[in-house]
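All values below were derived from every heavy atom in this structure, side-chain atoms included, with hydrogens, water molecules and symmetry-related copies excluded. Each chain gets a letter, A, B and so on, in the order the sequences are listed, and its residues count up from 1.
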2 protein chains.
Amino acid sequence: MSESIDHLRDTFRATGRRWTSQRRLILGVLEESDIHLDAETLFVRAKARDSDISLATVYRTLGVLKEMGLVEEHSLGEEHAHFEAVRDQPHYHFVCLGCGRVIEFDAPQMAQIEQSVSKREGVCVTDIHLRLSGYCARCQETMGGQCGDQE
Amino acid sequence: MSESIDHLRDTFRATGRRWTSQRRLILGVLEESDIHLDAETLFVRAKARDSDISLATVYRTLGVLKEMGLVEEHSLGEEHAHFEAVRDQPHYHFVCLGCGRVIEFDAPQMAQIEQSVSKREGVCVTDIHLRLSGYCARCQETMGGQCGDQE
DNA sequence: GTCCATGCAAACTGTTTGCACGCGC
DNA sequence: GCGCGTGCAAACAGTTTGCATGGAC
């Protein structure tokens, strides 16, 4: 999502998709809030600027952007999906069960894991979802430091 | 779920929960189909033996079993949840996008990843969800072997 | 007898879809 | 002008919940 809006317009055109005001708006919202949003939040922020936009359009646009490889869908909490603009290198998520904070991290060891599974099982891996959950430093403090024994 | 039914009954009693025929039935179904089931499938199999059992009870029982640490919930496909009996060592999942087959694997490198994230970010990890997706050996054959370039 | 667990149906959440209209091309 | 994209509302899937009855203890 770091490429210019003009370049995106061309990408849309090149794939026979239309460059509509709603799609521009949704891309704008995604661009300026580079965190993980759910569809509802994205909808609210878009609606603040164009009160006529509908939630269905948000979902349909997110579907198109996924097809185009511009956004990824994650199930960060267990509930509803979150979306994020695709970045250069892959990265993974830690989700705090206390405050919901999301921390991103890289894990070079994933390449080994992927390789060894591919070789051992003869499969071909196209996608990796890794999510750690637990408690962030701040939430551990407010809980008294015991970790792992809460359920 | 390898412990005997009697031991489970005691665990229920000890935590002030009642040992009902429905819970026994659901545990029985889980035990003899040690794969990953969704709530609906579990419901159908249970209903085959007790036509009065309700889907709500299946969900409520799965909730209790999760609380007790006896089953885990996974989002294997992107759609609905899957449940599986908790085993000794942690393990992860590969899901085939072609046929839906689920392959389990272990990944000792996960311990390093967990440690390095914990140390670097000061977080405490209580749970790890790792899911690879792609195409299994069989599905790659029927597709002609090209891997990674399908959407 | 007490009170948790159940069955039923209705509610609810997140997401998708059918249809007529509108706008990008 | 053609046809995709949109708004709206209704449909949908999976899951949860309120309430009265029934069964475990």
Can you tell me the distance, in whole Å, between the CZ atom of A:Arg9 and the C1' atom of C:dC25? 13 Å
When the C1' atoms of the five terminal pairs at each end define the local axes, what inter-axis angle does the helix from C:dG1-D:dC25 to C:dC25-D:dG1 show, to 10 degrees? 30°
To the nearest Å, how far apart are A:Leu8 CG and C:dG24 P? 18 Å
Rounded to whole Å, the CZ-P distance (A:Arg24 to C:dG24) equals 7 Å
Determine, step by step, whether B:His129 and B:His74 satisfy the ring pair (Phe, Tyr, Trp, His ring centres under 6.0 Å) criterion, reporting the C-alpha distance in whole Å, the side-chain angles of both residues, the deciding distance to 0.1 Å, and the verdict. CA-CA 8 Å; B:His129 279 261; B:His74 299 282; 5.6 Å; yes
What's the CG-P distance between A:Leu76 and C:dG14, to the nearest Å? 15 Å
Between D:dT16 (P) and B:Glu40 (CD): distance, integer Å: 14 Å
Look up atom OG1 in B:Thr20 and atom CZ in B:Arg17, then write down how far apart they are to the nearest 0.5 Å. 12.0 Å
Expressed in angstrom and rounded to an integer, what is the separation of B:Leu37 atom CG from D:dG14 atom C1'? 16 Å
Polar side chain donor-acceptor pair, A:His91 to A:Glu84, under 3.5 angstrom: yes
Specify the residues of residues 10-22 of chain A, ordered by number, for which at least one heavy atom lies under 4.0 angstrom from an atom of DNA chain D. A:Arg17, A:Arg18, A:Thr20, A:Gln22
Give me the residues of residues 43-59 of chain B where at least one heavy atom lies under 4.0 Å from an atom of DNA chain D, by number, or none. B:Leu55, B:Ala56, B:Tyr59
Spatial distance of atom OG1 (B:Thr61) from atom CG (B:Leu30) [nearest 0.5 Å]: 9.5 Å
Nearest 0.5 Å, please: how far is CG in A:Asp106 from OH in A:Tyr92? 6.5 Å
Test item: A:Gln140 side-chain N/O and A:Tyr135 main-chain N/O as donor-acceptor pair under 3.5 Å: yes
Measure from CG on A:Leu62 to P on D:dT6 and round the result to the nearest Å. 12 Å
List the steps, then state whether ring pair (Phe, Tyr, Trp, His ring centres under 6.0 Å) holds for A:His93 with A:His36. CA-CA 10 Å; A:His93 299 104; A:His36 315 81; 4.6 Å; yes
Which of the following nucleotides, D:dT6, C:dA5, D:dG18, is nearest to the side chain of B:Arg60? D:dG18
To the nearest 0.5 Å, tell me how far B:Leu65 CG sits from B:Arg23 CZ. 8.0 Å
Short side-chain to backbone donor-acceptor contact, B:Arg13 and B:Arg18, under 3.5 Å: no
Rounded to whole angstroms, how far apart are CG on B:Leu42 and C1' on D:dG14? 14 Å
Under 3.5 Å, is there a donor-acceptor pair between the side chain of A:Thr41 and the main chain of A:Leu37? no
Distance check, rounded to the nearest 0.5 Å: A:Asp6 atom CG versus A:Asp10 atom CG? 7.0 Å
